[in-house]
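Shown next, in structure tokens, is the structure this report addresses.
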Amino acid sequence: ALRPLGRTIPAEHDEARAALHTIAVHVLARRRYQVSGRFGLRASPGGIATPAFGDGPEVVRISGATLIREVAGECRRAPIEGATLEELAGLVGADLQAPFDCGADGPPLGPVDRPFEWPERSVGRILGWFDLGWRVLDTVVASQDGDVESATVQLWPEHFDAATTLTFPTGVRVNLGFSPGDAYEPEPYLYVGPWADDRPGDPAFWNVPFGALRRYAEIAGSDDPASLCRDFLEAGVRLVGPRDR
């Protein structure tokens, strides 16, 4: 179940998001890139994970408060609370000295010897948001006509959002995604982001410069948050897509 944020966002939400983002980029994504040249991530049960990569194959993932590395039939794990970035990177073989750039909005490497604080309630809220996002995005993508192309749903390390892009036969494109919050909007939100400047239909739907969003607080109190999210995204898709749909 989604955990309500209340009237204000807890101070630890930002701390939790920053810690998750740092480990996702400089441990998970960095390790995958080091082996495969790719750095996209996925939501996983209770956490965040790389897709399987390398000859092992190998998976590196966060599960709750634990970092896990699985290679073939072997598994190594360590608690995140109190561990340093250097220690976590060492567990999975991620080279913190090697050049790595996932984009301008990725977190800086920062101190590698500072122990992580891991506010489990806020971390769990963010991980639950990503899990919900993944299920909703899969449902929305599956509901599209066969001639609508969709990008692989990924958890992008740079912006730290779970997102996909739909491309209609007309060439119109729209991003759909779930963010745990960012510099623009600190509260977790889901969004519809058309690539073009056109904002068809009800002007009230398009409530932010990049398109439309709904905030976590509007979703968390619902008896069926997945349906509420799906309805919002599908409404945006209908507005942006071909008018004969």
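Between R31 and E58 a salt bridge is recorded (basic side-chain N to carboxylate O distance below 4.0 Å). The existence of a salt bridge linking E74 and R69 is excluded, since no basic side-chain nitrogen approaches an acidic carboxylate oxygen closer than 4.0 Å. Under 4.0 Å is where a charged nitrogen must lie from a carboxylate oxygen, and between D14 and R17 at least one such pair does.
Two rings, from F100 and Y33, have their centers less than 6.0 Å apart. Two rings, from F210 and Y184, have their centers less than 6.0 Å apart. Aromatic pair F232/F205: ring centres closer than 6.0 Å.
For Y191, the OH atom sits in a packed shell: over 12 heavy atoms of surrounding residues, nucleotides or ligands are nearer than 6.0 Å. Counted within 6.0 Å of CD on E81, heavy atoms from surrounding residues, nucleotides or ligands total more than 12; the atom is thus considered enclosed. In the displayed structure, D202 atom CG is contacted under 6.0 Å by more than 12 heavy atoms of other residues, nucleotides or ligands. Summarising the local packing, CZ of R38 is surrounded by 12 or fewer heavy atoms from other residues, nucleotides or ligands at distances under 6.0 Å.
Between the side chain of E87 and the main chain of T84, a donor-acceptor pair closer than 3.5 Å is present. Of the possible donor and acceptor atoms, one in the side chain of R30 sits under 3.5 Å from a partner among the backbone N and O of D95.
The cluster map of Ile, Leu, Val, Met, Phe, Trp and Tyr, joined by side-chain heavy atoms under 4.5 Å apart, puts V148 and V237 in the same cluster. Under the 4.5 Å side-chain heavy-atom criterion for ILVMFWY residues, no single connected hydrophobic cluster contains both L85 and V25.
Residues E185 and S179 have side chains that never bring a donor and an acceptor to within less than 3.5 angstrom of each other.
In this structure the side chain of T66 never reaches within 4.5 angstrom of the side chain of I80, judged on heavy atoms. Proximity of L67 to L28: side-chain heavy atoms (C-beta onward) are separated by under 4.5 Å at one or more points.
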Using atom types as modelled, flag every donor-acceptor pair under 3.5 Å from a side chain in residues 112-124 to any protein atom, sequence neighbours excluded.
| residue | atom | partner | partner atom | Å |
| --- | --- | --- | --- | --- |
| W118 | NE1 | G64 | O | 3.2 |
| S122 | OG | E12 | OE2 | 2.8 |
| S122 | OG | R125 | NH1 | 3.3 |

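Checked against ring-ring contact (aromatic ring centres under 6.0 Å, His included), H21 has the following partners two or more places apart in sequence or in another chain: F160.
Annotation: the span from F39 atom CZ to Q34 atom CD amounts to 14.5 Å, rounded to 0.5 Å. Distance check, rounded to the nearest 0.5 Å: OG1 of T22 to CG of L109 gives 9.0 Å.
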